[in-house]
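Presented below is the structure to which this report refers.
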Amino acid sequence: MKFFIDTANLDQIRQAHDLGILDGVTTNPSLMAKEGVTGHDNIMKHYVDICNIVDGDVSAEVIATDFENIIKEAESLAALHKNIVVKVPMITEGVKAIKHLTYKNIKTNCTLVFSAGQAILAAKAGATYVSPFIGRIDDVSYDGVSLIEQIVYIYNLHGFETEVLAASIRHSNHIIKCAEAGADVVTCPLDPILKLLNHPLTDIGLEKFLADYKKGNQG
Ligand code: E4P
């Protein structure tokens, strides 16, 4: 399973990278705005900065919603760096664009996916990744992890090559449940990644090991 960080914050990307477990980055227009990255040139530069930190796939989202402009934007994003994956929304024009970009060998991440039917269309169009937003599904009282299980089942049954990228992760247990469900990738903020480290018995155990070492090695 690959681990992506879902942020445009360079410090947090560096921190996850330094942990040695990071395989890539996902961003979206809201995450870029949260970091105060605005204006075409600054946004492009920020993607390059991210690519210079992490040697792995970096999702950069298009703003256009019509086929022609999605393609134009996608081509200029893909030209920024070899690791850019173009994030395209699950809309009619987006599906057409994914098909076209796949044909042109440009990697895509089909975003804003909330159903198995949408995931089938993304795979048929040849998306590199499909991003079901599990936290947002939980928010409206459905079960996001069940959707991951369903998509993984369908993709395996039919041999679809699109990778299931579990997105909108809210807590560490989401990561574990998505791993169990067979997600190819989880993308999450830094906090749930770091919280995977925590266990009180680890802290108690380490404290005792160090105290016992000290006792045996005094003087
Ligand atoms: C995925 O690629 C999105 O950037 C992200 O996971 C959305 O998460 P949110 O629902 O927490 O905004």
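Every number for a ligand or one of its atoms is a count from 1 in the order of the listing. Below, all heavy atoms of this structure are taken into account, side chains as well, without hydrogens, waters or symmetry copies.
Residue R136 approaches ligand 1 through these ligand atoms, each under 4.0 Å from one of its heavy atoms: 7 (C), 9 (P), 10 (O), 12 (O). Annotation for ligand 1: atoms under 4.0 Å from non-hydrogen atoms of D6 are 1 (C), 2 (O), 3 (C), 4 (O), 5 (C), 6 (O), 7 (C), 8 (O). Near K87, the atoms of ligand 1 lying under 4.0 angstrom from a non-hydrogen atom of the residue are 1 (C), 2 (O), 3 (C), 4 (O).
When only modelled atom types and interatomic distance are considered, D191 and H171 share no side-chain donor-acceptor pair under 3.5 Å. In the model, S59 has no side-chain atom that pairs as donor or acceptor with a side-chain atom of T26 under 3.5 Å. Under the 3.5 Å distance criterion, with hydrogens and angles disregarded, no donor-acceptor pair is assigned to the side chains of D184 and Y129. No hydrogens or angles considered: nothing links the side chains of N28 and E61 as a donor-acceptor pair under 3.5 Å. A donor-acceptor contact closer than 3.5 angstrom links the side chains of D66 and N69.
Close N/O approach between N28 and ligand 1 is found [any backbone or side-chain N/O within under 3.5 Å]. When only interatomic distances are considered, the shortest N/O to N/O separation between T27 and ligand 1 does not fall below 3.5 Å.
Protein heavy atom closest to atom 8 (O) of ligand 1, with residue, atom name and distance, is S168 CA, 3.4 Å. Shortest contact from atom 7 (C) of ligand 1 to any protein heavy atom: F133 CE2, 3.6 Å.
A side-chain contact (heavy atoms from CB on, under 4.5 Å) with H17 is found for one member of L22, D55, D23 and no other, namely L22.
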